Amino acid sequence: MDDTEQQGRQFEQHRPHLRAVAYRMLGSLSEAEDAVQESWLRLHRSETSEVENMRGWLTTVVARVCLDILRTRRARREDYFEGELPEPIVTLAEENGPEDEALLADSVGLALLVVLETLTPGERLAFVLHDMFGMPFDEIAPIVERTPAATRQLASRARNRVRGATPVVEPDVRRQRQVVDAFIAAARNGDFEGLVAVLDPEVVFRADRGRITAAGAAPVVTGAAAVADQILARAPRFARFARPATVNGAAGLIVVPRDRPIAVLGFTISHDRIVELDLIADPDKLRALERR
């Protein structure tokens with residue numbers, strides 16, 4: 001086996017881990033795949049015969065790539081619009097195959113990804129690598145060009161933000177599904193009171209319809225009555241096309257009127273109530289679903 005073939009085998013062994021790191025860093029599977037591919041190109045161009053911990057080396061490389069993407073994204077923030085949501089990981093339970101199971105392993109809740117979007121690039125990297133993947137601060141510090149102590153502070157600030165903004169989620173997906181089923185039944189029947197009953201009084205509804213269709217539409221609605229009104233304004237036309245799906249590891253819905261999805265709904269459920277509802281109808285993100 002030559003060096004290139006050996007590198008390739010090692011890389012494929014660590015690809016799922018690298019993709020999981022990149023998705024948590026970027027909130028986009030397509031960008032995560034690009035970052036992983038860039039890490040392969042850098043590996044291919046590098047002399048790694050002396051590398052003892054290939055997983056750690058590759059994690060550092062993909063983290064640097066993601067940090068560059070985040071910094072570029074932040075510098076061009078005008079390209080983003082209020083209400084933009086992460087690209088979801090969606091699978092239909094009855095169609096789960098090996099690739100779908102791999103995607104589910106990569107998934108992390110939409111509610112957490114939304115909070116991660118509010119962090120600085122350095123905070124996000126330190127939190128993801130340390131709190132999610134157990135990487136020591138002395139290994140993270142060179143990536144963000146800080147001392148280990150300063151890197152620890154980055155992660156601490158991120159952790160406090162996450163704790164303060166992320167709800168306690170119902171861990172049982174079957175109980176989540178019961179709540180989602182009650183939601184869609186009420187939506188199909190135009191049942192305002194039924195919808196309010198499954199919504200938390202302080203529920204947050206976010207809608208990402210993409211750059212073109214975002215104009216004039218409220219990206220964020222709060223409160224059970226206001227959210228129920230928003231849902232019933234559109235649901236009777238589309239609710240019958242909703243199919244159960246797993247969205248970022250939680251019970252969700254995908255709306256497929258014909259052969260293409262037009263929306264994905266992700267739910268964050270706590271104490272048998274919907275506390276966050278995320279509607280993703282951005283055509284670009286839905287096209288990404290079709291490619292998987």
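Since the model is a prediction, treat every value here as computed from it, not as a measurement.
Looking at V275 and V204, their side chains never come closer than 4.5 Å, going by heavy atoms from C-beta outward. At least one side-chain heavy atom of L58 sits less than 4.5 Å from a side-chain heavy atom of F11. Two residues are said to be in side-chain contact when any heavy atoms from C-beta on lie closer than 4.5 Å; L29 and Y23 meet this criterion. V21 has its side chain within reach of F133: a pair of non-hydrogen atoms, C-beta onward, lies under 4.5 Å apart. Here the side chains of F205 and I231 are in contact, with some heavy-atom distance below 4.5 Å. For the pair I143 and M135, the minimum side-chain heavy-atom distance is below 4.5 Å. Proximity of L154 to V144: side-chain heavy atoms (C-beta onward) are separated by under 4.5 Å at one or more points. E202 places none of its side-chain heavy atoms less than 4.5 Å from the side chain of T222.
Between the side chain of S39 and the backbone N or O of V36 there is at least one donor-acceptor pair closer than 3.5 Å. At distances below 3.5 Å, at least one donor-acceptor pair connects side-chain atoms of S28 with backbone N or O atoms of E31. Counting only distance, with no hydrogens or angles, the side chain of N248 and the backbone of I89 share a donor-acceptor pair below 3.5 Å. Judged by distance alone, the side chain of D191 and the main-chain N or O of A186 form no donor-acceptor pair under 3.5 Å. The backbone N or O of V198 sits nowhere less than 3.5 Å from a side-chain atom of R273 that would complete a donor-acceptor pair. A distance-only check finds a donor-acceptor pair linking the side chain of Q176 to the backbone of A251 [under 3.5 Å]. Not a single donor-acceptor pair under 3.5 Å links the side chain of K285 to the backbone N or O of G210. R209 places no side-chain N or O within 3.5 Å of a backbone atom of A281 that could act as its donor or acceptor partner.
Contact check on E38 versus R64 returns no salt bridge, with no Lys/Arg side-chain nitrogen under 4.0 Å from an Asp/Glu carboxylate oxygen.
With sequence neighbours excluded, the residues satisfying side-chain hydrogen bond (donor to acceptor under 3.5 Å, both in side chains) with D272 are R175. With sequence neighbours left out, R157 forms a salt bridge (Lys or Arg N to Asp or Glu O under 4.0 Å) with E123. Shown here are the salt bridge (Lys or Arg N to Asp or Glu O under 4.0 Å) partners of R163, two or more places apart in sequence or in another chain: there are none. Partners of F192 under the ring-ring contact (aromatic ring centres under 6.0 Å, His included) rule, at least two apart in sequence or in another chain, do not exist in this structure. Legend: residues meeting side-chain contact (heavy atoms from CB on, under 4.5 Å) with R258, ordered by chain and number and at least two apart, are absent.
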Open item on the list: If you apply the rule side-chain contact (heavy atoms from CB on, under 4.5 Å), what do you find for L277 with F183, and how did you get there?
Closed with: CA-CA 11 Å; L277 173 58; F183 168 89; 4.0 Å; yes
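Every pair passing salt bridge (Lys or Arg N to Asp or Glu O under 4.0 Å) that includes a residue from residues 126-147 is listed here, sequence neighbours excluded: D131-R159.
The line from CG of L43 to CG of L41 is 9.5 Å long, rounded to the nearest 0.5 Å.
For the salt bridge (charged side-chain N to carboxylate O under 4.0 Å, His left out) with E117, the qualifying choice from R206, R73, R161, R24 is R73, the only one to do so.
Enclosure of atom CZ in R152 is not indicated, since only 12 or fewer non-hydrogen atoms of other residues, nucleotides or ligands lie within 6.0 angstrom.
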